[in-house]
Structures are given as C-alpha cells and as structure tokens.
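These notes are about the structure you will find just below.
These numbers were taken from a predicted model, which means no experiment stands behind them. When reading the values below, keep in mind they use all heavy atoms of this one structure, side chains included, and skip hydrogens, waters and symmetry mates. Chain letters run A, B, ... following the sequence lines, proteins first, then strands; residues in each count from 1.
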There are 2 protein chains.
Amino acid sequence: MVERGRRRIPEATVARLPVYLRILYDLATEGVANVSSERLAELAGVNAAKVRKDLSYLGSYGTRGVGYDVEYLVYQMSRELGLHRPWPVVIVGAGNLGQALANYAGFQERGFPVVYLVDVDATKVGVQIGQATVRHLDDLPQLVQEGGVTIGVIATPGSVAQEVADRLVQAGVTAILNFAPVVLTVPRGVSVRKVDLAVELQILSYYEQRRSAAAGPPLQAVPAGSRRGASA
Amino acid sequence: MVERGRRRIPEATVARLPVYLRILYDLATEGVANVSSERLAELAGVNAAKVRKDLSYLGSYGTRGVGYDVEYLVYQMSRELGLHRPWPVVIVGAGNLGQALANYAGFQERGFPVVYLVDVDATKVGVQIGQATVRHLDDLPQLVQEGGVTIGVIATPGSVAQEVADRLVQAGVTAILNFAPVVLTVPRGVSVRKVDLAVELQILSYYEQRRSAAAGPPLQAVPAGSRRGASA
DNA sequence: GGTTGTGAACAAATTCACAGCG
DNA sequence: CGCTGTGAATTTGTTCACAACC
C-alpha cells in the first residue's frame with residue numbers, strides 16, 4: 001500500500017511548483033548546488049516569502065542561514081509532483097495544433113511521452129508524427145489500455161471537444177488538457193485544465209485597451225504604470 | 001479625449017470575461033435573446049453568484065426578473081475588453097508551434113489577425129503561412145510600426161525567449177503572450193501572459209499521482225473524489 | 001414571481017515580520 | 001549573522017443571502 005504523510009498543497013502553489021522545478025533544473029545544470037529563497041524568487045518572478053511558503057508545503061527541506069540544496073529540492077519536488085515516473089499521453093486531433101504538440105520535444109523531455117496521436121480522419125492514420133503514430137479515434141480504449149495512458153490532450157475543433165472528452169473518460173483517462181475553446185463537463189474526479197489561446201489574447205487586449213485609454217492614444221512610451229496581467 | 005467612468009475590474013474577473021463572451025456569442029448564434037446568470041453560470045461551469053458579480057463590474061446591464069440581453073451584453077463586454085477593434089499580432093518563431101498558431105483560425109476570428117510571422121532562419125523568410133508572411137526578425141521594428149502591432153507572441157525555444165522579448169519591447173510591443181518555458185523580465189507597463197504546456201501537464205501529474213496514491217494503484221473507477229485541478 | 005445587484009460573511013492566497021536555528 | 005519556516009495581518013477572490021426592482 002502506497003502511504004505517506006500526504007499534506008494537501010494549495011492549488012496556487014501546485015501551479016507554481018513546476019516553474020520552480022524548471023529553474024532548479026537549470027541551476028543544477030549550471031552546477032549551482034545551493035539556492036536561497038530570495039534568488040529563486042527572483043528567477044521565478046515572485047516574492048521570496050511566497051517561495052518559502054510554497055516550499056514549506058513540501059516539508060522543511062531548507063537549511064537556515066544557508067538556503068536550499070538544489071539537487072535535493074529537485075528530488076523532493078519531482079516526487080511530490082509525481083514526476084518520478086513517466087506519464088504517457090494521448091493527443092486527440094491531428095490537425096495543426098495536435099501535430100505541433102506531438103512534435104514538441106518538451107513533452108517527452110519532461111516525462112510526458114506522446115505515445116499516440118488520434119484522429120477521426122482515416123487518411124491520417126498510420127502517419128508518424130514526432131514519436132507518435134496516428135491512430136483512429138475508435139481505437140482509443142485499446143490504446144489507452146495498452147499504453148497505460150491516463151492523460152489526454154484535446155486538440156480538436158470546439159465542436160467535437162465534449163464528445164472527445166466523453167470518449168477519453170470512457171476509455172479510462174482521468175486527466176485532460178483541453179485546447180479547444182469550450183467548457184468541458186466531466187465526471188467528478190477527472191481533472192481538467194484548459195488552455196484557450198484566444199482567451200489569453202483577449203485578456204491582454206483588456207490591459208492594452210486600458211493602457212491606450214489612460215495614456216492618450218498614439219504613444220508608446222511606458223509611463224510607469226501599475227502591475228497589469230503580467231506574470232513576468 | 002477618450003474618457004469613461006473606468007472601473008478597475010479584478011484580475012480574476014478579467015480572466016473569466018472572455019469565457020462568458022464566447023458563450024454569449026454561441027447563444028446569440030443560436031438565436032437566444034436573453035440569458036439568466038444561472039444559465040450562463042451552468043454553461044461556463046461556475047457559480048451563478050460569481051457570474052452576477054463579474055457582470056456587475058461592467059455595469060448594471062441586467063434586468064431583474066428577466067436576465068441579461070445577450071446582444072447587449074456581448075456589446076458591452078466586447079467594448080470593455082477592447083474588442084471593438086482588431087489587435088494585429090506578430091508571432092516570433094516559425095517552428096512547429098509558431099506555424100500552428102499562425103494557421104489557427106481562432107485568432108483571426110476573434111479579432112487578433114496574425115499579420116506577421118517572424119524568424120531568424122533566412123530560408124523561411126517569404127513563405128506564406130496562414131494569413132501571414134514569414135519575415136526576418138531584424139525587420140521587427142519596421143513591421144511592428146507599419147502593422148500597428150502591439151501584441152507579440154513568443155513561440156521560440158526558451159534559450160532565446162528573453163532576447164526576443166527585449167526586441168519586441170524595443171520595437172514597441174506592449175503585450176506579450178509567451179509560450180517559451182522561461183520566466184520573462186519586461187519593463188513595467190508591459191503585460192505578459194505565459195502558456196507553458198509542460199507545466200500544465202505537470203500540474204495534472206500532481207493530481208494524477210495523488211489519485212493513484214489515494215485509491216490504490218491499478219483501478220480506474222472514480223471514487224467520488226473531491227475537486228481537483230478541474231476547471232470543467 | 002423571478003432575477004439582478006450587492007453588502008456581508010467566508011475562504012484562499014499573499015505578504016509581513018520575526019522567532020528559531022544552523 | 002543569515003536565511004528558513006511560519007504564525008499573524010492583509011489582500012484578493014468567492015459565496016451567501018436578501019433587498020430592490022421589473
């Protein structure tokens with residue numbers, strides 16, 4: 001039985017841990033052995049107190065007066081995020097976006113091998129894209145089973161996204177990353193994260209519009225404004 | 001002089017408005033003239049009180065006992081988000097992702113025409129992708145000027161993302177959507193939003209790992225768990 | 001009657017500030 | 001002395017619950 005003292009980590013913190021992790025990897029690669037919350041905060045573009053609080057949810061892995069051991073923190077953080085093992089992924093939708101995602105090396109590198117790319121278009125079936133072969137949507141249950149897939153990525157048009165989600169869940173997938181501009185309904189216990197590219201631009205648009213309304217139209221100097229939708 | 005009673009809308013609300021807007025468009029297309037906060041909440045996957053509070057930041061555009069006029073709400077919301085005019089976009093990086101984004105019709109449709117795709121690779125220059133022509137990175141200042149571009153999308157490898165951001169800002173861009181897995185540093189007043197695909201998967205991984213640790217490994221039934229990273 | 005709009009209660013997240021420890 | 005870890009204070013976001021109004 002897998003059992004540990006499982007703290008519940010706040011959502012906001014969970015969303016930041018992968019960012020710290022990437023930075024820690026980089027530091028490790030540069031041969032940096034130790035890092036302070038101050039430095040890590042600077043690299044992550046956040047407040048140092050926030051870093052310390054976030055890391056404290058993992059346990060007390062720092063050393064007072066010194067900082068955090070980079071390697072050890074990478075290890076603990078990876079473990080907590082479940083990255084000690086690969087999570088094979090299936091991408092549904094072999095259009096532009098699906099293909100680009102399948103070709104994106106970052107998935108593979110960070111432990112999310114794209115084992116299958118799935119589409120309804122029979123003419124695409126069999127084609128090799130990145131590490132993945134295109135298979136037919138109807139084979140989903142079998143593929144999920146055989147590939148040990150628990151995470152699905154939806155890269156289809158919005159019109160079919162809900163149906164695809166249903167089929168993914170039916171096939172046994174319990175986590176979905178949705179690129180379709182649609183709000184998905186899934187059973188309780190299934191995780192969904194959404195990436196809506198146009199929504200991101202619309203959010204930027206809001207702050208752009210405010211800028212121009214505030215500063216008087218045709219000017220591009222930056223008048224020391226306050227924080228905007230920035231995550232810099 | 002552009003001047004209005006400019007309320008400051010909370011960030012969390014700004015991030016949801018585009019979602020409501022898309023739903024309202026769909027409703028309008030279906031010929032629905034009126035919608036209640038309850039119904040809109042259901043479609044957006046949120047709480048009805050939240051919808052009302054969010055919409056109240058736009059002004060009092062509902063009718064008690066009736067609901068919200070769909071067309072009118074679309075109009076007001078678009079105006080507030082700055083969507084009454086197009087925001088031409090330049091995408092930097094003509095790799096897989098950059099090309100997929102340039103081909104994505106949703107940008108154009110929602111008022112973000114991709115006017116240029118920019119790359120350092122001279123062999124790509126001149127190629128037509130979607131509505132955009134590939135141009136050389138060195139032409140950025142000129143392109144931004146001529147195209148009236150204020151929003152840039154970074155679809156390059158992480159290693160050059162900061163430099164690209166600097167050049168975008170230098171060229172006059174004031175909002176950046178960053179797909180590179182890097183924390184960007186930009187001057188105050190420049191908006192940045194980040195989409196990190198691997199980070200999204202790592203967040204899902206956390207909840208997946210928790211699931212398997214909790215339920216005992218090889219099982220795929222859903223034991224009525226509590227809410228997870230879901231935005232369904 | 002039905003639904004909005006909003007103060008007030010509550011919850012989550014962030015930041016402060018400092019005791020505790022290496 | 002320096003930096004972590006964390007209670008306490010503050011800010012931001014969510015939800016409740018109901019008066020106001022059509």
Sorted by number, residues from residues 18-36 of chain B placing a heavy atom under 4.0 Å from DNA chain D are none

Worksheet entry | Polar side chain donor-acceptor pair, B/R79 to B/Q76, under 3.5 angstrom | yes

Can you give the donor-acceptor pairs under 3.5 Å from side chains of residues 17-24 of chain B to other protein atoms, not counting sequence neighbours?
from: B/Y20; atom 1: OH; to: B/D54; atom 2: OD2; distance (Å): 2.6
from: B/R22; atom 1: NE; to: A/P181; atom 2: O; distance (Å): 3.2
from: B/R22; atom 1: NH1; to: A/P181; atom 2: O; distance (Å): 2.9

Closest non-hydrogen contact found for B/V89 with B/V153 is CG1-CG2, 3.7 Å

Chain A reaches DNA chain C, atoms under 4.0 Å from its heavy atoms, from C/dA13 to C/dG22

What residues 64-72 of chain B contributes to the DNA chain C interface at heavy-atom separation below 4.0 Å is B/R64, B/G65, B/V66, B/G67, B/Y68

DNA chain D: first to last nucleotide in contact with chain A (atom under 4.0 angstrom from a heavy atom), 5' to 3', is D/dG2 to D/dA8

- request: Could you tell me whether B/R39 contacts a base, only the sugar-phosphate backbone, or nothing, with contacts defined as non-hydrogen atoms closer than 4.0 Å?
  value: nothing

Of B/G59 and A/R52, the one whose closest nucleotide on DNA chain C sits nearer the 5' end is B/G59

Quick note, ring pair (Phe, Tyr, Trp, His ring centres under 6.0 Å) partners involving residues 26-69 of chain B, not counting sequence neighbours, are B/Y61-B/Y72

In terms of heavy-atom contacts, A/M77 and A/L55 come closest through CE-CD2, 3.5 Å

Please tell me if the side chains of A/L184 and A/Q162 come closer than 4.5 Å, counting only heavy atoms from C-beta onward. yes

Under 4.0 Å, counting only non-hydrogen atoms across every strand here, what does B/A49 touch: a base, just sugar-phosphate, or nothing? base

Sugar-phosphate only, base, or nothing, as touched by A/Y57 at under 4.0 Å among non-hydrogen atoms = nothing

Original post:
Got A/T174 and B/E208 here, is their nearest side-chain heavy-atom distance under 4.5 Å?
Top reply: yes

